[in-house]
Number of protein chains: 2
Amino acid sequence: MTSPQRRDAQRNRAALLASARALFAERGLDVTLDEVARHAGVGVGTAYRNFAGKTALVDDLLVERVQALVDLALACAEVDDPWEGLRGYVEQAMALQVADRGLKQLLYAHADAHVRVDAVRAQLGPAVGALVQRAHDAGVLRPDVDVSDVPVINVMLGAVVDLTRDVDPHAYRRYLELVLAGLRAGAEPPELPPPLPLEDVQGALRRRHAR
Amino acid sequence: MTSPQRRDAQRNRAALLASARALFAERGLDVTLDEVARHAGVGVGTAYRNFAGKTALVDDLLVERVQALVDLALACAEVDDPWEGLRGYVEQAMALQVADRGLKQLLYAHADAHVRVDAVRAQLGPAVGALVQRAHDAGVLRPDVDVSDVPVINVMLGAVVDLTRDVDPHAYRRYLELVLAGLRAGAEPPELPPPLPLEDVQGALRRRHAR
DNA sequence: AGACGAGCGGAGACGCCGTCTCCGGTACTC
DNA sequence: GAGTACCGGAGACGGCGTCTCCGCTCGTCT
């Protein structure tokens, strides 16, 4: 009986997947397949033999991450307090995106050819919609809050995340509180996490890449 | 007496400047000098004879725009109501950035070699600082609001602007209200401009460029 | 131990893009 | 009409990421 693959080939494939996961999470989807290969300690050829191309690799690897987000939304619908459910979703969704830069990029960005990711992502809208609806039914949301506000807020906070990532990855929390407080009905303004020192913000802005 | 330049040369230079201003405002700083030249109806060579390079051209053209922002901040310090002064600054600063995409990109982005812009931009921080201080002195701001919050909010709202530009350039106003309300002391939640239809947001997200 | 071929590595072909140069030709000016 | 300031735009150049190709290595089975 012949094993389906030589053992070193299996090792290489695993190493490639691990490296890709790590690099995509840490540095985003812009890392080259060449870089992934080097990081995994194999040649570029090996990378291209294992995966149809970068797009396919990304698609394969990130379905799971997007699924985690969908699961999160579903889980938050089970939380007793409808406000905490919604709030928890937004908060933890951002935390996932801080931890995985690739996820953040793929979640809300031109989806060219990521077929599998697209399929999973399609479930996110309805799940979040349910969260918002439930909060409305419980009267804990300003009546004029709309489902469409959630992705927009994600994008807003995402911008803060990108800005402050290397100064303080959690700085976005301050603005998360700010925005969430604005959505809540009969809001007592919450305590805000402390601001970044001005010079840190200035530094981050200066380092910022132009588009 | 010889005029310093041939008349057609003057016309060409003017056309280039006008085209550059228009294209930078409309489509951002990514337009190529070749495009500017074509738009102006002249050859590329003419463009490069008139300006040291793209960086120099951008630097020349946008000082004035950044100066407008500084002027705005100074003017807002003259408004009687300190809250309206601060609020007006943020609101109109965003409006300027909606109207000029290049300004938005340059204002808070890696400043490589834009010497003149840098010089003017340096005045912005203090001017905004005064605005915030005045609002604090009047007690209309939450005490834990910091100067550093202003640029961060600019970046957040800028993300919304980029997202919704071609669906509804003013959609950011809803989120501006949301955020500003969060900064205000003893806030009565303000009325929010209406949300975008969900499908518009979804469309905008789908069209969004990956980074 | 030996031989077979699955699998490897990585130089480099390719395609794309934006910046900028160069010079034969045009047309403004006096 | 001479002289030259100025023009146009093809294309050189440099950079970058994707992916191919093929001579060679080394795992695997007998």
Side-chain angles (χ1 to χ4, degrees), chain A residues 1-20 23-24 26-61 101-102 105-106 109-110 112-114 209-211, chain B residues 1-20 23-24 26-61 101-102 105-106 109-110 112-114 209-211:
Chain A
M1 53 176 293
T2 62
S3 89
Q5 247 192 341
R6 258 167 51 177
R7 202 156 283 155
D8 57 341
Q10 290 174 29
R11 261 201 315 276
N12 284 337
R13 187 186 167 84
L16 280 166
L17 284 169
S19 292
L23 289 180
F24 287 157
E26 197 175 306
R27 293 174 35 204
L29 302 178
D30 286 346
V31 292
T32 341
L33 254 202
D34 290 48
E35 276 178 294
V36 172
R38 197 175 341 119
H39 185 272
V42 305
V44 212
T46 305
Y48 283 92
R49 209 170 315 107
N50 272 284
F51 311 103
K54 195 181 152 180
T55 316
L57 176 58
V58 169
D59 197 26
D60 280 7
L61 273 179
R101 221 163 147 173
Q105 281 177 28
L106 194 66
H110 202 193
D112 270 353
H114 302 115
H209 296 301
R211 328 230 161 133
Chain B
M1 50 178 290
T2 61
S3 89
Q5 245 191 343
R6 255 166 54 177
R7 201 158 286 157
D8 57 341
Q10 290 175 27
R11 260 201 315 276
N12 284 337
R13 188 186 167 84
L16 280 167
L17 284 169
S19 292
L23 289 179
F24 287 157
E26 195 175 309
R27 295 174 34 204
L29 301 178
D30 287 346
V31 293
T32 53
L33 254 202
D34 292 47
E35 278 178 294
V36 172
R38 196 172 344 116
H39 185 272
V42 305
V44 213
T46 305
Y48 283 93
R49 210 171 314 108
N50 272 284
F51 311 103
K54 195 180 151 180
T55 315
L57 175 57
V58 169
D59 197 26
D60 280 7
L61 273 179
R101 223 165 147 171
Q105 281 177 27
L106 194 67
H110 200 192
D112 270 353
H114 301 116
H209 297 301
R211 330 228 162 136

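To find a chain, count down the sequence lines: A is the first, B the second, and so on, and within it residues start at 1.
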Please tabulate the protein-to-nucleotide N/O contacts below 3.5 Å involving nucleotides 12-18 of chain D, giving atom names and distances.
unit_1: dT18(D); atom_1: OP1; unit_2: Lys54(A); atom_2: NZ; d: 3.4
unit_1: dT18(D); atom_1: OP2; unit_2: Leu33(A); atom_2: N; d: 3.4

statement: Per nearest nucleotide of DNA chain C, the residue lying toward the 5' end, Ala52(B) or Asn50(A), is Asn50(A)
task: Report which part of the nucleic acid Arg49(A) touches: base, sugar-phosphate, or nothing (heavy-atom distance under 4.0 Å, all strands).
output: base
- prompt: Which listed nucleotide (dA27(C), dG10(C), dG8(D)) is nearest to the side chain of Val44(A)?
  reply: dG10(C)
Atom pair distance, as rounded to whole Å: CG in Leu57(B) and P in dG18(C): 16 Å
field: Value in whole Å for how far the P atom of dC26(D) lies from CZ of Arg6(A)
entry: 10 Å
- prompt: Whole Å only: how far is the CZ atom of Arg38(A) from the P atom of dC8(C)?
  reply: 18 Å
- prompt: To the nearest 0.5 Å, what is the distance between OG1 (Thr32(B)) and NE2 (His39(B))?
  reply: 12.0 Å
- prompt: For the residue pair Arg27(B) and Arg101(B), what are the closest heavy atoms and their distance?
  reply: C-CD, 4.0 Å
message: Measure CZ/Arg11(A) against P/dC26(D) and give the value in whole Å, please.
response: 12 Å
message: If I take atom CD in residue Gln5(A) and atom C1' in nucleotide dC8(C), what distance separates them, rounded to the nearest angstrom?
response: 13 Å
- prompt: Does some side-chain heavy atom of Asp59(A) sit less than 4.5 Å from a side-chain heavy atom of Phe51(A)?
  reply: no
field: Atom pair CG (Asp60(B)) and CG (Asn50(B)), whose distance is rounded to the nearest 0.5 Å
entry: 11.0 Å
message: Without decimals, in angstroms, what is the distance between Gln10(A) CD and dG27(D) P?
response: 14 Å
- prompt: Given dG7(C), is OP1 or OP2 found less than 4.0 Å from the side-chain N or O atoms of Asn12(A)?
  reply: no
query: Got a donor-acceptor contact below 3.5 angstrom from the Gln105(B) side chain to the Gly28(B) backbone?
result: no
task: Check the distance between dT4(D)'s P and Arg7(B)'s CZ and give it to me in whole angstrom.
output: 21 Å
message: Counting C-beta onward and ignoring hydrogens, is there a side-chain heavy-atom pair between Thr55(B) and Val58(B) closer than 4.5 Å?
response: no
field: Min side-chain heavy-atom separation Phe24(B)-Leu57(B) under 4.5 Å
entry: yes
field: For atom CG of Leu16(B) and atom P of dG9(D), their distance in whole Å
entry: 13 Å
